[in-house]
Colleague: 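Once you've had a glance at the structure underneath, I'll fire off some questions.
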Amino acid sequence: MDNIKKVNQLIKENRIGMFVTQNDGKIFSRPIAYSDVDEANNIWFFTDINSGKVDDIKDSSQVNFSFSNESRNEYVSVSGIAEIVKDKRIIEEKWQFFMKAWFPEGKESSSLTLIKVKPETSQFWDGSSSKIIQFYHMAKALATGKSYSSTNDSKKNLVEYGAN
């Protein structure tokens, strides 16, 4: 599996992540649920048009979000360019039933909008080892005086996206 497919898989398996925006030189993070990763690797999120993250994106479209699955020792961080999309056809296509928890009126909610993130770079850490193996590497690091990061089998992968 290539690295972009791996990043998309990690996002899809870990539905809730942290979304990072900036506004007026300050950085803001908040939880967000992804809706879709399309064929062009764009990542889509539903949000309220009146939310702070929409204002932040208008101020600076450079964003980051991360997803993690601690039990499987998998982590992914994606940086890219965000845009606000209010196209009813795309909202209809991306809509998922669980979004009614935030938008009880459904797809017809006047405050419903999408955030589309075109990824520029991503990193993922895929340490497929069990907790016992992780504990072994921590103990080894403590015993040898070497850093945990140089004794474990977790690997970080940098992915750069071309023009999609």
Side-chain angles (χ1 to χ4, degrees), residues 1-129 154-164:
M1 171 181 313
D2 74 24
N3 284 345
I4 290 176
K5 286 181 182 173
K6 180 65 176 181
V7 167
N8 293 348
Q9 174 191 350
L10 291 171
I11 292 170
K12 289 176 181 180
E13 291 175 355
N14 300 294
R15 184 160 282 299
I16 307 292
M18 291 300 290
F19 190 69
V20 181
T21 58
Q22 29 186 343
N23 191 321
D24 198 23
K26 295 184 175 107
I27 294 175
F28 299 92
S29 299
R30 77 251 309 152
I32 196 166
Y34 104 95
S35 175
D36 187 32
V37 179
D38 67 22
E39 316 76 49
N41 301 307
N42 297 307
I43 298 103
W44 295 83
F45 305 90
F46 279 102
T47 195
D48 189 306
I49 192 68
N50 302 307
S51 75
K53 62 184 148 304
V54 171
D55 292 335
D56 295 351
I57 290 168
K58 289 175 183 175
D59 184 63
S60 175
S61 62
Q62 188 71 46
V63 299
N64 179 276
F65 56 89
S66 60
F67 295 89
S68 66
N69 185 323
E70 185 179 338
S71 66
R72 292 199 319 237
N73 199 26
E74 296 174 336
Y75 307 88
V76 63
S77 175
V78 179
S79 295
I81 303 298
E83 69 178 273
I84 306 305
V85 177
K86 263 199 91 61
D87 184 311
K88 293 289 185 190
R89 182 188 57 78
I90 298 173
I91 289 172
E92 174 78 29
E93 175 188 315
K94 306 282 182 209
W95 179 259
Q96 296 175 3
F97 178 76
F98 78 91
M99 292 308 303
K100 282 193 82 133
W102 290 272
F103 300 96
E105 307 88 22
K107 298 174 269 192
E108 287 70 38
S109 172
S110 61
S111 64
L112 181 64
T113 193
L114 283 163
I115 297 171
K116 172 186 170 185
V117 176
K118 181 177 181 177
E120 294 182 320
T121 61
S122 63
Q123 297 179 62
F124 68 92
W125 295 261
D126 181 14
S128 56
S129 59
S154 179
K155 57 185 177 193
K156 174 188 81 163
N157 298 279
L158 176 64
V159 180
E160 298 199 37
Y161 295 76
N164 291 336

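Atoms considered below: every heavy atom in the structure, side chains included; atoms not considered: hydrogens, waters and symmetry mates.
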Colleague: Any idea which heavy atoms bring I4 and D2 closest together, and the distance?
Modeller: N-OD1, 3.1 Å

Colleague: For the pair F46 and I91, evaluate side chain to side chain contact (heavy atoms under 4.5 Å, CB included) and give the outcome as yes or no after the intermediate values.
Modeller: CA-CA 8 Å; F46 279 102; I91 289 172; 3.9 Å; yes

Colleague: When you compare the side chain of L112 with that of M99, does any pair of heavy atoms fall below 4.5 Å?
Modeller: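 They are not in side-chain contact.
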
Colleague: For a 4.5 angstrom cut-off between non-hydrogen side-chain atoms, does F28 reach Q22?
Modeller: no

Colleague: Go through R30 and T21 one step at a time and tell me if the side chain to side chain contact (heavy atoms under 4.5 Å, CB included) criterion holds.
Modeller: CA-CA 9 Å; R30 77 251 309 152; T21 58; 2.7 Å; yes

Colleague: For a quick test of reading the model, state the closest non-hydrogen atom pair linking S111 to F103 and the distance between them.
Modeller: OG-CE2, 3.9 Å

Colleague: Per the side chain to side chain donor-acceptor pair (under 3.5 Å) rule, what does the pair list look like for residues 78-91, sequence neighbours excluded?
Modeller: N64-S79

Colleague: Rounded to the nearest 0.5 Å, how far apart are NZ of K6 and CD of Q9?
Modeller: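 That separation rounds to 4.5 Å.
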
Colleague: Just checking, any donor-acceptor pair under 3.5 angstrom between side chains of W44 and D38?
Modeller: yes

Colleague: Atom CD1 in I115, atom CG in N42: separation rounded to 0.5 Å?
Modeller: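 Reported to 0.5 Å precision, the distance equals 13.5 Å.
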
Colleague: Which heavy-atom pair separates I11 from V76 by the least distance, and what is that distance?
Modeller: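 In terms of heavy atoms, the two residues are closest at CG1-CG1, 4.2 Å.
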
Colleague: Quick check against the 3.5 Å criterion: does E74 have a side-chain atom that pairs as donor or acceptor with the backbone of L10?
Modeller: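 Pair absent, no side-chain N/O of E74 close to backbone of L10.
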
Colleague: Please identify each residue that fulfils ring pair (Phe, Tyr, Trp, His ring centres under 6.0 Å) with F67, with sequence neighbours left out.
Modeller: F65

Colleague: F45 and F19: aromatic ring centres closer than 6.0 Å?
Modeller: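 Yes, close enough.
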
Colleague: Rounded to the nearest 0.5 Å, what separation is found between the CG atom of N41 and the NZ atom of K118?
Modeller: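 Rounded to the nearest 0.5 Å, the CG-NZ separation comes to 10.5 Å.
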
Colleague: If you measure from OG on S51 to CD1 on I84, what distance do you get to the nearest 0.5 Å?
Modeller: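 S51 atom OG to I84 atom CD1 measures 7.5 Å (nearest 0.5 Å).
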
Colleague: Could you go through K94 and K116, starting from their C-alpha distance and side-chain angles, then the distance that decides it, and tell me whether this counts as side chain to side chain contact (heavy atoms under 4.5 Å, CB included)?
Modeller: CA-CA 11 Å; K94 306 282 182 209; K116 172 186 170 185; over 6 Å; no

Colleague: Is any side-chain heavy atom of P31 closer than 4.5 Å to a side-chain heavy atom of M18?
Modeller: yes

Colleague: Between D59 (side chain only) and D24 (backbone N and O only), is there a donor and an acceptor less than 3.5 Å apart?
Modeller: yes

Colleague: Does any non-hydrogen side-chain atom of N69 lie less than 4.5 Å from one of E13?
Modeller: no

Colleague: What's the shortest heavy-atom distance between V54 and D48, and which atoms?
Modeller: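 Between these two residues, the closest heavy atoms are CG2-O, 3.6 Å.
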
Colleague: Taking all atoms of both residues into account, what is the closest heavy-atom pair of S110 and I49, and its distance?
Modeller: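 S110 and I49 have their closest heavy atoms at O-CG2, 4.5 Å.
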
Colleague: Could you give me the CA-CA distance, side-chain angles and deciding distance for Q62 and I81, then say whether side chain to side chain contact (heavy atoms under 4.5 Å, CB included) is met?
Modeller: CA-CA 5 Å; Q62 188 71 46; I81 303 298; 3.3 Å; yes

Colleague: Find the distance between CD (E39) and CG (N8) and round it off to the nearest 0.5 Å.
Modeller: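 Between atom CD of E39 and atom CG of N8 there are 11.0 Å.
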
Colleague: Looking at side-chain heavy atoms only, is the closest gap between Q123 and Y75 below 4.5 Å?
Modeller: no

Colleague: If you compare all heavy atoms of S122 against all heavy atoms of V7, which two are closest, and at what distance to 0.1 Å?
Modeller: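 For S122 and V7, the tightest heavy-atom pair comes out as OG-CG2, 3.4 Å.
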
Colleague: Just verifying a value: how many Å separate S109 OG and K100 NZ, rounded to the nearest 0.5 Å?
Modeller: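 Spacing of OG (S109) from NZ (K100) equals 10.5 Å.
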
